[in-house]
2 protein chains.
Amino acid sequence: MLKLSTKGQYGVRAMFEIARGYPESPVTIKEISERQDVSVAYLEQILNKLRRAGLIRSVKGPGGGYLLTKDPGGVNIASILKELEGPVAITSCLDPEEGCARVEGCVTHLLWRSLGAKIEAFLETITLRDLLEKEPLLKDLDTDHKRYRFGVA
Amino acid sequence: MLKLSTKGQYGVRAMFEIARGYPESPVTIKEISERQDVSVAYLEQILNKLRRAGLIRSVKGPGGGYLLTKDPGGVNIASILKELEGPVAITSCLDPEEGCARVEGCVTHLLWRSLGAKIEAFLETITLRDLLEKEPLLKDLDTDHKRYRFGVA
DNA sequence: AAAATACCTTACTAATTTTGTCAAGTATTA
DNA sequence: TAATACTTGACAAAATTAGTAAGGTATTTT
């Protein structure tokens, strides 16, 4: 239920790798590919979208790669996913581009709308910096997720 | 991003119709089909799953139809969706049946896990009774969604 | 200059999932 | 026994996802 596509998942992981190079070291597609285990060709598609959206910029030629355009703390997860997968729209009738013929009589409309808003709000609170800060802790990770800021509790 | 399949959507709407008949009037598939604009054949699939899960029971023969097995206030949206679409699993590596090879090194694992938990918790708080109570208000609905309990605000 | 590095773009396609339909039942009641 | 209504499993069209492939452009180092 409510699965995120690999494009979105890989996009976030790629942004994490690029964030590690902030502010000075461009990260190449090849490095991202190796570290995150995603093909170069697929990453090209994904990074292109993110670049056109202004989230990253590229440096060509030897020594080049990708760089964040702003501080990792200023890039939230929702903004990454929106570029790759469009707006959060639990149902297609909530997609701004589609619309719904039966809004008025639909008892579930508000429910989905509300859920979508909650998801979006949550993803907007998490930034790449959170992921960067969390990385060192991952080595100790076992079943106690609660101590993390976005743990389950 | 994060779209719910029609099966889940129709399922909730079908359960709403069945809830309207609680506790005594069986609601036929045909009635649900007409009111919610979903084919009888497709509804059969959906209601079968919900019946096997024990959320509804059926009465055969003339005058028959479907009935809720418990009070509308005791049936939450998460329980309906889980039967139709499996557990909330933002990524396939979080699906209990699939698993993930790189959990330990994955910075995003906790993020998706946490988001899934939040979605689930929210859907568990909304019951069919909430939908039933909301229905009369729908006639006045226009842009002011905020007054509803699960409005956006 | 030219070779190497690395990004850029479009087109295409195989696999999967979704969204249903269809046909042939079984059970119950009037 | 006829009508109503649920039950089940197989199947298939359509849409989406998840990539691959091929060729191009820009920049830097030697």
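In this text, all values refer to a predicted model and were calculated from it rather than measured experimentally. In the text below, chain A, chain B and the rest are named by the order of the sequence lines, each starting its count at 1.
Here C:dT21 is the nucleotide among D:dC6, D:dA21, C:dT21 with the atom lying nearest to any side-chain atom of B:S39. You'll find that the side chain of A:R51 is closest to C:dT9, out of C:dC7, C:dT9, D:dT7. Checking D:dA18, C:dT21, C:dC8 against every side-chain atom of A:Y66, the shortest atom distance belongs to C:dC8. Candidate nucleotides D:dG19, D:dA22, C:dT21 were compared by shortest atom distance to the side chain of A:Y42, and D:dG19 ranks first.
Distance NZ (A:K49) to C1' (D:dT17): 12 Å, rounded to an integer number of Å. Here the P atom of nucleotide C:dC8 and the CZ atom of A:R52 are 9 Å apart, to the nearest Å. We find that CG of B:N48 is positioned 8 Å from C1' of D:dC6, with the value rounded to whole Å. In this entry the distance linking CZ of A:R57 with P of C:dA6 reads 17 Å, nearest Å. Nucleotide C:dT17 holds its P atom 17 Å from the CG atom of B:L84, rounded to whole Å. In this structure, the CG atom of B:L43 is 13 Å from the P atom of D:dT7, given to the nearest Å. The nearest whole Å value for the distance from the CG atom in A:L2 to the P atom in D:dT17 is 13 Å. Atoms CD (B:E85) and P (C:dT17) sit 13 Å apart, rounded to a whole Å.
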Walk me through it: do B:I80 and B:L50 pass the test side-chain contact (heavy atoms from CB on, under 4.5 Å)? CA-CA 7 Å; B:I80 300 171; B:L50 296 175; 4.2 Å; yes
Please walk me through it: do B:L47 and B:I32 pass side-chain contact (heavy atoms from CB on, under 4.5 Å)? CA-CA 11 Å; B:L47 296 185; B:I32 299 172; 4.0 Å; yes
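Of all the heavy atoms in A:S79 and A:L55, the pair that sits closest is O-CD1, 3.9 Å. Of all non-hydrogen atoms in B:K30 and B:V40, the two that sit nearest each other are CA-CG2, 4.4 Å.
Residues A:Q45 and A:K7 meet the side-chain proximity criterion, which asks for heavy atoms closer than 4.5 Å. Side-chain contact check for B:V107 versus A:K134: every heavy-atom pair is 4.5 Å or farther apart. The shortest side-chain heavy-atom distance between B:W112 and A:V12 falls under the 4.5 Å cut-off. For the pair B:R20/B:E31, no side-chain contact is recorded, criterion being any heavy-atom separation below 4.5 Å from C-beta on.
For B:E44 against D:dC6, a side-chain-to-base donor-acceptor contact under 3.5 Å is absent. Counting distance only, with no hydrogens placed and no angle test, the side-chain atoms of B:Q45 and the base atoms of C:dT21 include a donor-acceptor pair under 3.5 Å.
The side chain of A:S58 contributes no N or O atom lying less than 4.0 Å from OP1 or OP2 of C:dA6. The phosphate of C:dT19 (OP1 or OP2) has a side-chain N or O of B:S5 nearer than 4.0 angstrom. Proximity of A:T6 to the phosphate of D:dT17: no side-chain N or O atom is located under 4.0 Å from OP1 or OP2. The side chain of B:Y10 contributes no N or O atom lying less than 4.0 Å from OP1 or OP2 of C:dT19.
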Contacts under 3.5 Å, N or O only, protein and nucleotides 25-30 of chain C:
from   : atom 1 : to    : atom 2 : distance (Å)
C:dA27 : O4'    : B:K60 : NZ     : 3.1

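For the segment residues 15-24 of chain B, the set of residues with a heavy atom within less than 4.0 Å of an atom of DNA chain C is empty.
At a threshold of 4.0 angstrom between heavy atoms, the contacts of B:I29 are confined to the sugar-phosphate backbone, with no base atom among them.
Just one residue in the list B:L131, B:I18, B:L128 forms a side-chain contact (heavy atoms from CB on, under 4.5 Å) with B:P72, and that residue is B:L128.
Not counting sequence neighbours, the partners of A:E120 by the side-chain hydrogen bond (donor to acceptor under 3.5 Å, both in side chains) test are A:K82.
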